[in-house]
Amino acid sequence: MEFTSFLFYLFAAVMLFSALRVITARNPVHAVLFLVLAFFNAAGLWLLLQAEFLAIALIMVYVGAVMVLFLFVVMMLDINIERIRLGFWRHLPLGAAVGGIMVIEMAAVLTGPYFGLDNFPAQLADAAATAEGSNTKALARSLFTGYVYPFELASVILLVAIIAAVMLTLRERKDTKGMRPADQIAIKRSDRVRLVKMASVTDSNASNLAATLDTATDAKGGASQ
Amino acid sequence: MMNALLETIQQWLGPLFPLVWTLVKIVLILIPLLLSVAYLTFWERKVLGWMHVRIGPNRVGPWGLLQPMADGLKLFFKEVIFPTVADKKLFIVGPVMAIAPALAMWAVIPFADGMVLANVDAGVLYLLAIGSVGVYGIIIAGWASNSKYAFLGAMRSSAQMISYEVAMGLALISVLMVSGSLNLTEIVRGQAQGYFASQGAGFLSWNWLPLLPVFAVYLISGVAELNRAPFDVVEGESEIVAGHMVEYSGMSFAIFFLAEYANMILVSAMVAVFFFGGWLSPVGFLPDGLFWLAAKISAGLFFFLWIRATFPRYRYDQIMRLGWKVFVPLTLLWILVVGVWMMSPMNIWK
């Protein structure tokens, strides 16, 4: 057995095991971590197929960002696993139907030559065939020349989704003590300090004392400003 | 002599040779790295001491040089205490997930021309991908400890690290644009070309000068990724004791410690490779070599210690603002500037 086929069976076995544990683990945090492990092994399988960009993008995007947020949410939630399991038998037929469709679809892809799928994405296949060593470059070239409009369209749609998500959840609260650095920098002395002109003596009875207290009240006035 | 010896071993081991040879290379990278980590902790305490007008460790061995060994032995023989309701398996996985990426990333760092463990074409992507996994160690540790301080530390860390990864990734796009390659060896070689390099002043041809704002963003984001002062709210001793590390003791704590310092050396090495010409000599009359990379890494490490001794801790909202509202727009702007620059007749990267 070649070393690569050994690696393939290793990655595939760990991936199947961890994917199974995702749905059987009692603790949701463990389930998410098993999903991370499954992603890692999927990336390993893609590396064996020399799809280096896909493999690294999978780790960078899903493992590095999406799953961290997943983990974040799952840790914060108080999930009652028994309540979730209540509907297991009721939802089983729907789940089995979805699973069956997925198996059929994957079988159709895997038996691609039979259905004539192998010459479908002709442009990409050409780019991959001409790539020497680095298929990241070939993929980028194809993405930014032949598929530049779909690519830009997809990114604009994602941007819209980001803005929509922010707008849906953003509540401008008035009672927070959050600081705005721009306002802090733009402040002027006149906004914060008010100079009050006061007579040094207010009471006529105290006029005798005025001369002696003159310096004292000045000092006090200065402090209150 | 050396080659003949290698060939003999190759024949003797047969098909196992690539595996053994790679393992030997990994050991050759890891042992100096772990020794550097040990002495970096010593150097940090010395530098902080001098900056605070103290002496620093000076009792164990001559000039205190055996202090890291004493610390290591102490941590090794201490008991690892598990909190009562901690998730024991994940409690152990946490430190492992923290150190594994810190060591795995060294695979693609070129030490000299051709001296690299894995000369992969997508080296920068590999660094970004493995670097983004480092946050798991902290989150898992924070959750598995079953302590509110540790959990607060984990939440702060995941928000901070994800935010600054965006700035770091965008900063690297400018580097990729001028290098035209994702391979780290190619990125360093690209910095050896240009007007100043041909005049014998190579250090002016390195990426730091034309990409100065991006370089500043990358360096500061690097400090934030390391969770070190002034961005160390993740540990925040005065608020949340030590964040994700509060429940760890003995060797499990030492692993976090090792991971942090290994990451410091790594970020320093990445700054040297991306912006300071890696193994290249700064002037024409001196030869290139591994020692230049070592000198640049040391300078970067001193910078990290220096700012730790100098700056107070950032407030949390200030950290987030700096990442999202200052660094991300700045790097996006500089991508535009570099793009226009490269398309103009004044293009210096041909």
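Note that these values count all heavy atoms, side chains included, but never hydrogens, waters or copies made by symmetry. Residue numbering restarts at 1 for every chain, and letters A, B, ... go by the order of the sequence lines.
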Checklist entry - Which region of A/Val36, side chain (C-beta onward) or backbone (N, CA, C, O), has a non-hydrogen atom less than 4.5 Å from a non-hydrogen atom of chain B, or is it both or neither? => result side chain

Next on the checklist: Looking at every heavy atom in both A/Met60 and B/Ala129, which two are closest together, and how far apart are they?
Outcome noted: SD-N, 3.9 Å

Next on the checklist: Quick check on A/Ile59 against chain B: is it the side chain, the backbone, both or neither that has a heavy atom closer than 4.5 Å?
Outcome noted: both

Checklist entry - Measuring heavy-atom distances to chain B, does A/Leu58 have an atom under 4.5 Å in its side chain, in its backbone, in both, or in neither? => result neither

Checklist entry - Does CZ belonging to A/Phe70 count more than 12 external heavy atoms closer than 6.0 Å? => result no

Checklist entry - Would one find more than 12 heavy atoms of other residues, nucleotides or ligands at under 6.0 Å from atom OH of B/Tyr314? => result no

Item to check | Crowding at OH, B/Tyr149 (>12 non-hydrogen neighbours, <6.0 Å) | outcome: no

Next on the checklist: Only pairs of heavy atoms separated by less than 4.5 Å count here; which of B/Glu165, B/Gln318, B/Arg315 has the most with chain A?
Outcome noted: B/Arg315

Checklist entry - Quick one: are A/Val68 and B/Met161 in side-chain contact, heavy atoms under 4.5 Å? => result no

Checklist entry - Quick one: of B/Asn183, B/Leu128, B/Val93, B/Asp317, who has the most non-hydrogen atom pairs under 4.5 Å with chain A? => result B/Leu128

Next on the checklist: Is there a side-chain contact between B/Tyr136 and A/Met67 in this structure, where contact means two heavy atoms from C-beta onward sitting under 4.5 Å apart?
Outcome noted: yes

Item to check | Heavy-atom closest pair, residues B/Ser132 and A/Gly64 | outcome: OG-CA, 3.5 Å

Item to check | Within 6.0 Å of CZ in B/Phe91, more than 12 heavy atoms from elsewhere | outcome: yes

Next on the checklist: Shorter than 4.5 Å, heavy atoms on both sides: which option in B/Val133, B/Ile130, B/Val120 has the most such pairs with chain A?
Outcome noted: B/Val133

Next on the checklist: Given heavy-atom pairs under 4.5 angstrom as the criterion, report whether the side chain, backbone, both or neither of B/Leu125 touches chain A.
Outcome noted: both

Checklist entry - Looking at A/Leu71, A/Val29, A/Leu33, which hits side chain to side chain contact (heavy atoms under 4.5 Å, CB included) with B/Trp143? => result A/Val29

Checklist outcome for this item: To the nearest 0.5 Å, atom CG of B/Leu182 lies from atom CZ of A/Phe53 at 9.0 Å

